[in-house]
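Labels below follow one simple rule: chain letters A, B, ... track the order of the sequence lines, proteins then strands, and each chain is numbered from 1.
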Amino acid sequence: MRSREIQLTLFYKETYCYRGKMIIWGVNRMSTFIEYMTIFINKFNWFILYYVLLINTIYFILFLVSIRSLYIDRQKNKYWSYEGMIASNYTPPLSIIVPCYNEEKTIIDNIQALLSLEYGEFELVIINDGSKDQTIEKIIDQFDMKKIEMPYRKKIDTKEIKGIYLSSRYKNMLVVDKENGGKADALNAGVNIANYPIITAIDADSIIERDSLTKVIRPFVEDPTVIVSGGVVRPVNDSVVDKGFIETARLPKKNLARFQTVEYLRAFLFGRLGWGSINALMIISGAFGVFRKSVVIDAGGYTENTIGEDMELVVKIHEQMRRNKRRYKIVFVPDPVCWTQVPEKLQILKSQRKRWHKGLMDSVLNHKKMLFNPRYGVVGLLAMPYYLFVEMIGAPIEIIGYISFFISFWLGLVSLEFFLVFLSVSILYGIFLSMSAILLDEYNFSKYTKLSEYFLLMLYSVLENFGYRQLNAWWRFTAFLGYRRKNKQWGEMTRQEFQPLKKNVK
Amino acid sequence: MFMRYVLLALISIVIIDLLIFSFLLIKKVAKNVVKKRKVKIKNKYDELFLHLIMETDQSMTIKPKTHMEKKVLHELVLHYNTVLSGDAKKRLLDHIDKSFIAVRINRYLRSKSVWKNKIGTFLVGEYELNDMLPVLLKQLKTSDYELLFVTARSIIVVSNDQYIKDILQVVTKREKMTKQNVLTLIDLVEADIEAILDEAMMEGNGFLKMIALEELGKRNYIKSIHWIKHMLTQPEKEFRIAALKASYSIGDIGDESYLQGMYLLQTDPEWEVRAFLAKFLMKVKRDSAIDILTNLMSDSNWYVRHNASNALLAQGEKGKLVLMDLLNSEDAFARDTAHAVLQRDILL
């Protein structure tokens with residue numbers, strides 16, 4: 001009994017001692033963890049600071065370059081006769097490819113508008129990519145289309161073509177009905193069928209201004225080394241549209257669309273114009289881009305197993321031209337405008353933004369060999385790193401930055417005062433860039449006539465920093481985390497009929 | 001210290017943002033006010049322009065007084081220039097007091113800014129200011145291709161064919177301009193330039209010869225026949241293509257020896273030449289042309305077969321009979337093409 005007591009006492013002593021050691025060990029480990037975390041967070045905070053400084057410097061440089069480009073464009077318009085270009089026999093003929101999928105609500109208006117574009121010689125190639133609605137039936141009925149067995153050169157592989165239809169009313173219009181294969185596949189079918197050496201891909205839900213084609217073709221006429229050219233895309237929501245053309249441009253009424261209007265202005269007037277002027281433009285919007293057909297074919301056409309086929313094609317063209325040491329230019333023209341419907345529902349916008357981000361990641365990762373590769377010149381040394389570090393991982397860094405702040409605040413690493421000042425500078429700088437874009441737009445193009453519209457635009461350029469920007473970053477962050485290769489599909493986008501002309505419009 | 005800099009940056013950006021905000025709104029208000037005033041002036045000038053174009057009042061001269069009037073008049077002149085031509089345009093320009101713009105153009109032409117030079121040069125053409133031609137002629141020596149194009153354009157608009165020889169020499173030297181742009185310039189010349197083009201064919205460089213030959217054909221000049229025959233036998237495919245393009249503009253002139261030269265090209269090693277031959281034969285309504293087109297339907301190149309099928313269709317009933325025969329051809333492509341072309345003919 002005695003020995004049992006002794007044994008128990010010894011056991012408890014050892015156990016307590018062990019527990020005590022464990023607690024001390026635990027406390028030590030915890031303080032070491034906090035120590036390491038503090039060091040890490042501190043370093044990360046400095047990284048964020050430098051990162052923000054770096055990207056804002058890049059934006060500022062792009063801003064300056066864009067101002068120069070807009071000035072040049074403004075001057076060029078003063079001595080370039082567009083009417084002369086339209087009338088000239090030597091303006092290159094053009095094939096307009098319009099891929100469509102479930103576009104029954106807007107397709108007729110759009111085709112009619114495209115048929116009455118101000119351009120010398122062009123053909124319209126409509127590709128119905130296995131729509132499940134009445135798209136093809138409506139086109140056949142409206143334009144008196146007849147099926148024809150037309151041989152064509154299959155330079156790029158596509159899904160099976162079910163039929164080619166010719167219009168008995170318009171000699172320059174044909175419709176291709178094919179199995180569903182995605183937007184890239186539809187565009188490739190259009191490239192195969194197109195007759196002319198220059199092609200343009202226009203989204204079926206978009207509206208281009210009457211003289212936009214002439215303006216976007218101008219670089220091809222001026223300079224034979226131009227192989228791709230793109231124009232500006234703007235939100236059309238709530239603008240007055242008559243017979244497929246913009247009658248009165250109006251600022252969208254919905255908040256979400258207004259935020260996107262500010263975003264589009266900033267993206268096109270800064271980003272694309274800036275990169276375009278140093279021949280490092282990586283995206284020509286799928287809604288409105290003009291390409292030399294032979295270059296598209298040489299690059300293998302639009303890539304099917306990617307979501308951002310528009311960016312992917314441009315990057316492929318850069319890659320090929322630089323690899324083969326050929327002289328070329330990919331340009332952006334700020335004047336020609338293509339109006340497109342933007343999402344007005346949060347869920348659709350979220351899906352669109354996630355798709356865009358995954359498309360961007362596809363292109364950057366598919367061509368990672370171009371990164372920092374001097375062989376690819378300004379594209380490899382500047383544009384690709386920008387798309388990787390700013391566009392691709394910018395959103396994750398922003399989200400982690402927010403989390404890092406809360407931890408820093410909890411650990412007492414930064415004061416609330418510092419954080420607020422830092423955040424304010426960052427937001428005010430963002431507002432400066434957006435307002436500058438709006439100012440440049442008003443100065444050069446002045447698409448909206450009312451003072452109230454510009455007032456609202458500026459107001460939304462402020463408001464977007466409180467919620468919308470963070471939401472966007474969050475979507476892109478989740479897209480970044482959920483990124484899987486080879487996931488492709490046409491984007492979900494609820495089409496709306498365009499707002500018809502109202503008699504009381506002044 | 002660091003915080004002080006950050007705060008300074010913060011205050012600076014706030015001020016800049018507020019400035020942009022105010023400037024934009026003020027600018028928009030001003031723009032809308034100016035727009036309204038411009039509409040009033042524009043309506044007044046529109047009426048005057050109509051009188052001038054319709055020749056109802058020949059005594060009047062439009063003389064703008066205020067800065068705004070000058071601006072509106074300038075915009076209207078540029079607009080009317082795009083829709084008017086010939087006598088109507090001349091009448092309009094003759095009755096405008098151009099002194100208001102001449103001063104500005106002079107300043108632009110003397111400016112060190114190449115953009116202003118280009119704008120000034122363009123306006124010389126738009127206002128047809130003859131007295132500024134010497135400046136433009138000097139400007140032909142420029143190394144800026146765009147300025148060269150604008151200069152050449154304005155010289156032609158003002159002086160028609162007077163300096164076209166010099167212009168052709170300059171723009172084709174070291175291929176400074178694309179062929180399309182040179183042809184666009186020549187298109188502006190309304191006068192007879194057969195002698196100039198003929199001289200270019202004799203003395204010009206290869207690039208100029210190609211352009212001159214195409215233009216000779218396009219203008220249906222008789223001398224083009226001689227040069228087409230000559231160029232068809234040249235080793236450079238570009239010359240043979242230029243000859244075929246010229247002959248496409250001229251069509252069938254009934255000269256058998258001329259056609260025989262063309263027919264020889266059906267075995268040309270360059271597919272582009274055969275494709276242009278097929279296109280040319282569209283205009284030759286003869287059995288011999290149909291025979292060649294039938295052969296070209298089995299060509300190894302897609303474009304040649306494509307052009308040949310369309311050319312056969314253009315031949316009328318005989319061509320269609322050939323296409324119908326080809327429906328039973330062993331050559332799958334010839335069969336499909338014939339089918340498509342005939343089907344298209346029925347539909348359209």
Residues 448-465 of chain A vs salt bridge (charged side-chain N to carboxylate O under 4.0 Å, His left out), sequence neighbours excluded, gives A:R266-A:E464
The interface call for A:Y165 against chain B, heavy-atom contacts under 4.5 Å, is neither
So, the part of A:I438 with a heavy atom under 4.5 Å from chain B: the answer is both
- Message: Between A:Y79 and B:R153, is there a side-chain heavy-atom distance shorter than 4.5 Å?
- Response: no
So, the part of A:S88 with a heavy atom under 4.5 Å from chain B: the answer is side chain
With sequence neighbours left out, the residues meeting side chain to side chain donor-acceptor pair (under 3.5 Å) with B:S113 are none
| query | Crowded around A:Q142 CD? As in, over 12 foreign heavy atoms under 6.0 Å? | reply | yes
Nearest heavy-atom approach of A:Y429 to B:I13 is N-CG2, 3.9 Å
Requested in this report: For the residue pair B:K218 and A:N89, establish whether any side-chain heavy-atom pair is separated by less than 4.5 Å.
Outcome: yes
So, the part of B:N181 with a heavy atom under 4.5 Å from chain A: the answer is side chain
Chain A shares the most heavy-atom pairs under 4.5 Å, among B:L78, B:V14, B:V150, B:L183, with B:L183
Is any side-chain heavy atom of B:I119 closer than 4.5 Å to one of A:Q75?
yes
Turns out that what part of A:T449 lies under 4.5 Å from chain B's heavy atoms comes down to both
Whatever's closer than 4.5 Å to a heavy atom in chain A on B:I16 counts as side chain
So, the part of B:E146 with a heavy atom under 4.5 Å from chain A: the answer is side chain
Interatomic distance, CZ@B:R335 vs CD@A:E149, rounded to 0.5 Å, equals 11.0 Å
More than 12 heavy atoms of other groups within 6.0 Å of B:K320 NZ
yes
d(B:W302 CH2, A:R153 CZ) to nearest 0.5 Å is 7.0 Å
Taking every heavy atom of A:S424 against every heavy atom of B:L10, the minimum-distance pair comes out as CB-CD1, 3.3 Å
Cut-off 4.5 Å, heavy atoms of chain B, and the answer for A:N195 is side chain
For atom NZ of B:K116, is the number of surrounding heavy atoms from other residues, nucleotides or ligands below 6.0 Å larger than 12? no
Counting heavy-atom pairs under 4.5 Å with chain B, the top scorer among A:S434, A:S436, A:S426, A:S446 is A:S446
On a heavy-atom basis, the closest approach of B:Q180 and A:Y90 is CG-O, 3.6 Å
Contact list (residues 22-35 of chain B to chain A, heavy-atom gap under 4.5 Å, by number) returns B:F23, B:L24, B:L25, B:K27, B:K28, B:V29, B:K31, B:N32, B:K35
With chain B, the option among A:I164, A:I148, A:V421 that has the most non-hydrogen atom pairs under 4.5 Å is A:I148
CD1 of B:I15 to CZ of A:F432, rounded to nearest 0.5 Å, is 13.5 Å
Most heavy-atom pairs under 4.5 Å with chain B, out of A:K78, A:K146, A:M458, belong to A:M458
**Side-chain donor/acceptor of B:D17 to backbone N/O of A:I431, under 3.5 Å** = no
So, the part of B:Y108 with a heavy atom under 4.5 Å from chain A: the answer is neither
- prompt: Does some side-chain heavy atom of B:Y145 sit less than 4.5 Å from a side-chain heavy atom of A:E222?
  reply: no
Contact list (residues 67-74 of chain A to chain B, heavy-atom gap under 4.5 Å, by number) returns A:Y71, A:I72
**Report entry** Test item: A:W80 and B:F122 side chains (from C-beta on) under 4.5 Å apart, heavy atoms
**Finding:** no
